[in-house]
Every structure is written in structure tokens, then in C-alpha cells.
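Counting convention: from 1, in listed order, for ligands and their atoms alike.
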Amino acid sequence: MQKLLLFLVALSGLVLSVAPNEACASAYDANPKLVVILVIDQFRGDYLDRYRGDFKTEDGFNLFLKKGAYFPQCYYEYANTETAPGHSSIATGAYSNGHNIANNQWWDLSRTTTHMVSSVEDPDYPLVGASADAQLGASPRNELASTIGDEVVLGTREAKLFGVSLKDRAAILTSGHASTGAFWIDHDTGKFESSTYWGAQLPEWVNKFNSSGRIEQARKEAGVAEGSFYDKVGDKPAAVSYELDFVKALVEAEELGKHNVTDVLTVSISSTDILGHEVGPDAPEQRAMIDATDVYLDGFFRWLDQHVDGGLANVWVAMTGDHGVAPSPPMAAVEGMPAAAFSAKEMVDEVNKQLNARLAPAKTLTFVLPAALPFVQLDGSAFAQVGIKEAEAEALVAKLLPGALDATQQDLLKETPNPRGLRPATIRRVYTKTQLAASDVPATEEGKRMLHSYTTNGGWWVIVSFGMYQMSGNANGGTTHFSPYSYDRHVPLGFFGTPFVPGTYLEHAEPVDIAATFAALLGVNRPSACVGRVVTEAIKAGDGGSVRPHP
Ligand SMILES: [Zn+2]
């Protein structure tokens, strides 16, 4: 009898301990069935409020604005606001000093002297399904931190993790190392491709999609019969619809959201960035792109509702951008801002000229390599020839850069200033790698952001902060992003899903908070270098909010 009682007590304990867990979110119980991380490339934080009145759909951006938790005050807290580090920061919840991806490309003279290596370049894993002339391989090997998707896979050993974008870096770095697959397009053909990191062949459903006529349909919709798919179709709304159709094919073929554990899908919409660089954030074409994206996202999320077990009620989504963008220099100048469009190439050439005159007058050495701003890289072997070590070399380049920039702008400096015209660019401050490695920076917000931009990639370098609204190129329109200023760091952040209390939250948030929040809610480890914050203010009590009753 006593034994029976003990057994019953134990059994009831078992039942009690199981039931509440089932009610709690957990990756291990497939609650939710699917986590989606949606990145919109070059999606500045003011767009959603600026064009809010345009959004007529229910489940496009309104999924976050009306049905989700929306954080309009979301800023990257680093200085290198580029695509690869942006996606890596979202995925890993870390900054460049954590995941080591500080730029889209950099010189690695130990690997090759012919070109800058891309953030995902890896010759050990050749591309699969690429055009014949595309020889370079790709993998996540340069990303030195785990992603939230990686942690869900490591925790469950069963989760499916996929990444999709038109861009290789945005598909690979956002999904991570333990992904089942990552897909991006061949620039010429528009066909989705991958690398041998994920398999010797493309999955059959990818081949089927590529030969389905969908590429031709996108070209027709974009009104572009010939030329690079990426450049000519990629900057049209038709490419957003094309990309999302591929994602649907993936969800269907890989049965995402139908497994016993939580699956993770990362999607990065590239077209906003391809167009944005051409026309700038204030052009009517970019507004039309964002409005079209709203409609396509609405269609996608409605479709997802039908194709995941339990519908959207079983899906969590985080939406953000990988960086903001500056207004195009002519537009900013007309409004009276001290905008500038200098030439980084001329600036670097001038520094090399001055360094040669000073250090090696009989030779023509390349001390400073072509720049990928905000970084300017040095060739250590050239400085070694004249007996100068890293700290001294970087300090010397930092000192010479402002004067070199001035030397390239003599005509503009002589002109009578026009308050509504482009002005000479200025360098506010240069930080050296040696300085950042020693955390030798002012105890300011800018100092912190520079420390977050630190990377061991790229040999010797300095990081340059130019004046506001200033960039290399784009004197006649178009624009870019790369600076530590608010307009380049500002992106929206939205969460949708059962744990979140719908509303607009004016608290400071950062894209690194996505990985921290999802890790907490899913009950998995944070990514290896994660520094993000769990947005407890937006989480329901009982789902991991600041007040969580014990089961
Ligand atoms: Zn980008």
C-alpha cells in the first residue's frame, strides 16, 4: 500500500512537472515551431514611422507595428555599420570585437595579395550551382562566434537551421555554422546557389526552383531582359517577391515548422540595399520599394500561417535592419548640412606618396592598401622594409590622413564656401588598431563604439571617423553607410509571437538583443559571445518576463 502511495505521489509529481513545461516556451518541445529572423538590408530606423500611413496590410510591417513589440529606438553600438558585421551582430548578439566580422571585405595578405577577401570567402568549400567564372568558395569560417540558430541546433540536436538572402554574407553569417543549408544568388543568372560546406550538390528542390521559370518571371516583372540579375533585377520590388518565393519553396521542401523541436530560419531581403545605394533613402523609388515589401511580407506571413503546424500562433519573428544609411550627399548639402563626397582612393594615394617621400624616397612602396572604409589597412611588410613596427606605423598613418585628405580637396578648399553645396570632407578622429587592442580610448559613447569595432582580421589598420554626412563618392547622388553616426546605426526592431506584449517600446534597444531574447525564451544557451539584453519589458509574465511565476 505504502509503495503504491509513493508511486502515485511520484506519478503526480511527474505529471505536474511535465504539464507546466509544456505550457512554457521551449525549443526542445517545439514551442514555437519556427523562429524567423527577418533582416531588411539598409533599413533605417525612421522608415517604418515615416511611411507608416502607407502600410495597408495586416501582416506586413503591421505584424510588428500593431500585433507585435516594436522598438523604434534601436541602434547598433559600433562604428563599422556594414552589411556583413550587421548580419553577424544580429545572429550572434555580439559586436565585431566578439564575432570578428568587421567589414564586408578586407585585405588578408597571408591568404592572398590579389584581392580583398570577402567576409565569407573560403576556397576550401567551392560554390555549388554557381556560374563557371565564380571560383571562390564560401563558408561561415570567419565568424568567430556562435549564432542563435547554432545554439538551438546544439541544444536540440534536431533543429533545422536555414539562411536565405540574395547576398552570400547575409545568408551565411545570419544562419551560422550548424546550419542545414544557406542559399544566395549567382549575380549574373539569379539562380540560388550554395557551397560544399552544406553539401556536394544543391538539394533537388533548389534545382527545381532554379529551372521553374521563376527567374524569367522576375526579369519580366522588373522589365529587364538582359544583364546582371543582381544589379538589374535586384534593385526592383520584383526581386523581393522572387526571394520570398524561394523561401516558401524552402519551408515547404524542408518541412520547417513541422518538427519535434524548434526550427530556425533567417531571411535577409537585399533589394532595399541595392536600390538604396543607387537612389538614397529619400527617393520616391525607395519608398515604393518599402511599400511593395510590406505587401510581399504580408503575403509571405499569411502563407506561413497556412504552412506551419498551428499557424502563425506557433511562429516567433524578429525583424530588423543590418545598418541604416546616410542621405545622399547632394540632398544633404541642399538642406544645409556639411555634406562631402571625397575620394578614398585619392586620399590613400596621397598618404602613400607622403610616406614614400619620408621613409623610402628611392622606392615606390605601397604602405597603405586600398581602403574599405571606415578601415584603412597598412601593409606591414612595406613598413618592415623601413624598420617601422605596427604601433608606430599606425600612429604615423593616423597623423598623416587628415592632411592627405585636405591635399585631395585643394580646389574645394579654395572656393568661396557655398552653404548649399558639397563642402570639403574632414577627419574628426582616427583610432589605431594598437590603441583599440589596449582599450586606450576616451571613456565616451564613441570610444565604446570604436572598441566594439575591433577585429583581428586585416593585419594592421586604423579606423577613421569623418565628419557627419560625409562619404567617399556619390557626389552626384546615391549614398552609402559605414560611419558611427546615428543615421547609419539606426534600425527598427520588432518582435512578433506569443511571448511578446504588443506595443511600442521607447526603451533603448540594440539588434544584439534579438539573440539574447530568443535564447532566454527558448531555454538555450546564449550565443558564445552574446552581449545583448533580454527585452523583458516586452515579454509577458510567465513567458520569461521580469515577473515569472514558478511552475
Ligand atoms: Zn547591408
**OP:** Output yes when Arg50 and Asp282 qualify as a salt bridge under the 4.0 Å nitrogen-oxygen rule, no when they do not.
**Re:**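 Answer for the salt bridge query: yes.
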Do [X] and [Y] have a side chain donor and acceptor closer than 3.5 Å?
{"X": "Tyr70", "Y": "Asp49", "answer": "yes"}
{"X": "Glu151", "Y": "Ser146", "answer": "yes"}
{"X": "His115", "Y": "Glu121", "answer": "yes"}

Subject >> Closest non-hydrogen atom pair between Asp488 and Phe482, with its separation >> reply: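 Shortest heavy-atom separation between Asp488 and Phe482 comes out as OD2-N, 3.2 Å.
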**OP:** For side chain to side chain donor-acceptor pair (under 3.5 Å), just list the numbers for Glu446 and Tyr431, CA-CA rounded to whole Å, side-chain angles, deciding distance to a tenth of an Å, and then say yes or no.
**Re:** CA-CA 11 Å; Glu446 181 176 281; Tyr431 298 79; 2.5 Å; yes
Subject >> Within-2.8 Å protein N/O/S contacts of the Zn ion (ligand 1) >> reply: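 For the Zn ion (ligand 1), the protein N, O and S atoms that sit under 2.8 Å away are Asp41 OD1, Thr83 OG1, Asp322 OD2, His323 NE2.
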